[in-house]
Trainee: 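Mind having a look at this structure? Questions to follow.
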Amino acid sequence: MFRHPWNPASDLEEETSGQSDSMDVQTGPQIEDDRTGFSIETLRRAIADNLYYIQGKFPEIATQYDYYMALAYTVRDRILHRWINTVKTYREQDVKVVCYLSAEYLPGPHLGNNLVNLGIYPQVEQAVRASGLDLNALLAEEEEPGLGNGGLGRLAACYMDSLATLEIPAIGYGIRYEYGIFDQEIRDGWQVEITDKWLRLGNPWEIPRPENAVDVKFGGYTESYTDDQGHYRVRWVPHQVVKGVPYDTPISGYRVNTTNTLRLWKAEAPESFDFQAFNLGDYYGAVDTKITSENLTKVLYPNDEPIQGKQLRLEQQYFFVSCSLQNLLKIHLLREDPLETFADKFAIQLNDTHPAIGIAELMRLLVDEYLINWEIAWDITQEAFAFTNHTLLPEALETWSLELFGRLLPRHLEIIYEINQRFLDQVRLKYLGNTDKLAQLSLLDERRGKRIRMAHLACVGSHAINGVAALHTELLKTGVLRDFYELWPEKFSNKTNGVTPRRWMVLINPRLTQLISRNIGESWIKQLDDLRQLAPLANDPSFCHEWRQVKRAVKQDLADYIQTTQGLTINPDSIYDVQAKRFHEYKRQHLNVLHIVTLYNRIKHNPEIEMTPRTFIFGGKAAPGYRMAKLIIKLITAVGDAVNQDPDVCDRIKIVFMPDFNVTNSQRIYPAADLSEQISTAGKEASGTGNMKFSMNGALTIGTLDGANIEIREAVGAENFYLFGLTAQEVADLKASSYNPRAYYDSNAALREALDLISSGYFSHGDGSLFQPLVEGLLHHDPYLVLADYQSYIDCQDSVGQAFQDQETWTRTAILNVARIGKFSSDRAIREYCQDIWHVDPVHIKLEEYVQAKAALAGDHCLDANACPF
Ligand SMILES: *Cc1c(COP(=O)(O)O)cnc(C)c1O
């Protein structure tokens, strides 16, 4: 028997199990075998047991990671009871379930979030301490699942959190990428991509369900036949079959029993008997097939924009969608519901067009496999599906060449032709003789080679279509989806994005959370509008003082982190001016740089100039093939190298590039910001969600009238928001009237000086060519109107610098921002989806008492030959 070093006395009690749990009275039922209680002693004991029995380690050889795993399993055990009761309830009560289909999820580390949601953070902290360990150190061990690129994947994760918290039955379906978004390192100022081996040390949060695997077909051909009743039918004879194995992760709600499922599919080779027989003797061939199959879910495409023409990407999309829909149909039939009621039981949401192939796949499953007639199948499909659009850029709309599509999915191509024919018949009736309309609405783009328009498929096959911010939805109606809006205005609605205050406030900013809760109670965590009660406190000097202390402490934390990780000293009393998001020309990180260089020039001209000290903090990844975005990263680090070492300026300007912006790292950044940079070209950012996270943590925004910025400004008050730049309409007008960026350069001395300094090689060891593509691009094309917005941005930043001098007013403004940010909770967004699109209601989950001994020994097993697909 080994001795836990943190509890030398415990070994005497090993034989008489249960004794040490006798203090459980206040938190759990006092039963002998309560191994999932919340008392500190029970938790401590569970961590020790899991280290031994799951990790197979003892303290002398255990790593911090082993202890993290032991703790993660301890927490998972406590979630499982809720999870099982949730699934059981959904099965038994025949409730309507939301199915969120998303090619990406960016949930961030699970452990801390689950502690918050279960309400056991303090107990676990103490239990960990009683074990001689530090909870923060263990939390830092978790590898986050980087199964998304940025905002879209993070939105899916926030929505899963809110669905569970609001007690809505939901399943999130996606792909279990073996390699998530790459890890970013900065070498010599350039981005370097490192493969993300997030599963290397195991994943304690997932449970594989190989018994629920499904087969997915690819390639081959179709053939028609007449069935016994004389019906015309089509059979798809595939070239290849891949097996999809579900891996389930529990998604806990905040202080509720509801624990929903995130079901991610992994591709494997099928192990059918036939396959073995046909390949007899061809062992290497069989192994090759296995490798090819597993490639399907090997890696996430690290691109924020649609990936055109990549066969593997289309395979990934179809793979996870087919697995998910087959799974839904199995669940439906298990509940003994007729197929006709499918859409009464499931609401399927398409997170962008990535899963839009699901419309053709559900039709195929219903018509070919379940032999439902086309019209009924189409009604079911349209009623079940709804579509969220995420982009305004016409060039970013996903299309697939007929050649590639037909080769991979021959049956779906036929189905899409049929859908299109019936759809265009409808259009023809409405717009008699208008052939332009037919061409514009068709699912097939006949120009530039024939291509399938996935957004059109999504619109035709869905009963609801939404944009993700008010401006975005309006621009959809007049822009990329205007013909569909004209045809079906009733299908369109806006659902402004939101983020979960559990992760983005409670978990990442405990100091602010405590300050708020001490003053207005805890209701805001579930009802974010209750933050309004903070508004009067903005005039309370002692509250404002405490607020400033909290912000100062959080800024000190980030300064300490930057000191430790980069050896760079920053001033926590300076403005933390932060732009953290994917690198993209439309997000205009280079506009931010032009401001920095402008300030630098001012100091160089006049070393004594009065200037509010600023720390410019950047974070974000660039798509590996996006050369301009990578050059902008290099520009930031190059300007940083010059500025941070320059004794004339470095007390007033510092530049920090925080490498590897992901959820984990973002959680240090959002709470520490004073100023949130939301400076995209108006009309380009669909919503943004980073803007909401900053604001919730008391940063003020400098931004354009783009995406959700507009609604944030309306909510917090125009006087509490730093607005600059052209409007979306002005952007469109300026572009239409042959925009000439060179004129801004010629007429603006400060702008000219900033661009010239970059061109001169000053930041590139005299190499004038390095940043030429960037500068030349701005002078000659500037598609995102950086130069047109330059002066407006500089003026606005000058007023920010002024305002920060008056800390009382700044703090008051920050408090009002937080007090009025309630609308941007993902709970609000999910309530709107539930009411307007999904028509689903909350289902309360009761916990049945679980007694191990009873479950194991009762003997009344129900051994179902068919695995429950739920
Ligand atoms: C919120 C978030 C984003 C989205 O940020 P935007 O500023 O809206 O582009 C991207 N990545 C991560 C890790 C996030 O947490």
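Numbering of ligands and ligand atoms starts at 1, following listing order. What's counted below: heavy atoms across the whole structure, side chains too, no hydrogens, waters or symmetry copies.
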Trainee: Y790 and H595: aromatic ring centres closer than 6.0 Å?
Mentor: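 Ring centroids of Y790 and H595 are no less than 6.0 Å from each other.
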Trainee: Does anything in residues 676-700 form a salt bridge (Lys or Arg N to Asp or Glu O under 4.0 Å)? List the pairs, not counting sequence neighbours.
Mentor: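 For residues 676-700: K587-E685.
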Trainee: Between F694 and ligand 1, which residue portion shows a heavy-atom distance shorter than 4.0 Å: side chain, backbone, both, or neither?
Mentor: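 Neither part.
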Trainee: Start with the C-alpha distance between R200 and E178, add both sets of side-chain angles, then the distance that settles salt bridge (Lys or Arg N to Asp or Glu O under 4.0 Å), and finish with yes or no.
Mentor: CA-CA 9 Å; R200 191 185 41 193; E178 189 176 335; over 6 Å; no
Trainee: Using distance alone, determine whether K581 and ligand 1 share an N or O pair under 3.5 Å.
Mentor: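 Between K581 and ligand 1, an N or O pair is found under 3.5 Å apart.
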Trainee: For ligand 1, is there an N or O atom under 3.5 Å from any N or O atom of T689?
Mentor: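 For ligand 1, there is an N or O atom that lies under 3.5 Å from one belonging to T689.
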Trainee: With sequence neighbours excluded, what pairs up with W524 under the ring-ring contact (aromatic ring centres under 6.0 Å, His included) test?
Mentor: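 Here no residue qualifies.
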Trainee: So is there a nitrogen or oxygen of G690 less than 3.5 Å from a nitrogen or oxygen in ligand 1?
Mentor: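 So ligand 1 has an N or O lying under 3.5 Å from an N or O of G690.
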Trainee: Atoms of ligand 1 less than 4.0 Å from Y670 heavy atoms?
Mentor: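 Within the 4.0 Å cut-off of Y670, ligand 1 contributes 1 (C), 2 (C), 14 (C), 15 (O).
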Trainee: Under 4.0 Å from any heavy atom of V663, which atoms of ligand 1 are there?
Mentor: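 Close to V663: 13 (C).
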Trainee: Using heavy-atom distances only, which candidate in C158, G151, G146 approaches atom 4 (C) of ligand 1 most closely?
Mentor: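 Looking at heavy atoms only, G151 sits closest to atom 4 (C) of ligand 1.
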Trainee: Is it true that T388 and N466 share a donor-acceptor pair across their side chains at a distance under 3.5 Å?
Mentor: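 Yes, because at least one side-chain N or O of N466 sits under 3.5 Å from a partner of the opposite role on T388.
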Trainee: Are any of the heavy atoms in W504 under 4.0 Å away from ligand 1?
Mentor: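 The answer is yes: ligand 1 sits under 4.0 Å from a heavy atom of W504.
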Trainee: Using a strict cut-off of 4.0 Å, indicate which atoms of ligand 1 neighbour a heavy atom of G688.
Mentor: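 Listed by number with element, the hits are 8 (O).
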Trainee: I need the atoms of ligand 1 closer than 4.0 Å to a non-hydrogen atom of G150, numbered in the order shown.
Mentor: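 So the answer, numbered in order with elements, is 10 (C), 11 (N).
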Trainee: Between H584 and Y626, does the ring centre distance come in under 6.0 Å?
Mentor: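 They qualify: ring centres under 6.0 Å apart.
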Trainee: Can you pull out the closest protein heavy atom to atom 9 (O) of ligand 1? Residue, atom name and distance to 0.1 Å, please.
Mentor: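 The closest heavy atom on the protein side is K587 NZ, 2.8 Å.
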Trainee: I need the contact type for N662 against ligand 1. Using non-hydrogen atoms and a strict under-4.0 Å cut-off, is it side chain, backbone, both or neither?
Mentor: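 The answer is the backbone.
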Trainee: Measure from the side-chain N and O atoms of E142 to the backbone N and O of P109, and report whether any donor-acceptor pair falls under 3.5 Å.
Mentor: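 The answer is no, because no donor-acceptor pair under 3.5 Å joins these two groups.
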Trainee: In terms of residue, atom name and distance, what is the protein heavy atom nearest to atom 12 (C) of ligand 1?
Mentor: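 Sorting protein heavy atoms by distance from atom 12 (C) of ligand 1 puts F661 CE2, 3.7 Å first.
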Trainee: Is it the case that K526 places NZ or CZ above or below the six-membered ring of Y254, under 6.0 angstrom from the centre and within 45 degrees of the axis?
Mentor: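 Relative to the ring axis of Y254, which defines the angle, K526 lies outside at least one limit.
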Trainee: We want to know whether S252 and N114 form a side-chain donor-acceptor pair, criterion being a heavy-atom distance below 3.5 angstrom.
Mentor: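 Present: a donor and an acceptor within the cut-off.
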Trainee: Is the shortest distance from a heavy atom of K693 to ligand 1 less than 4.0 Å?
Mentor: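 The answer is yes: ligand 1 sits under 4.0 Å from a heavy atom of K693.
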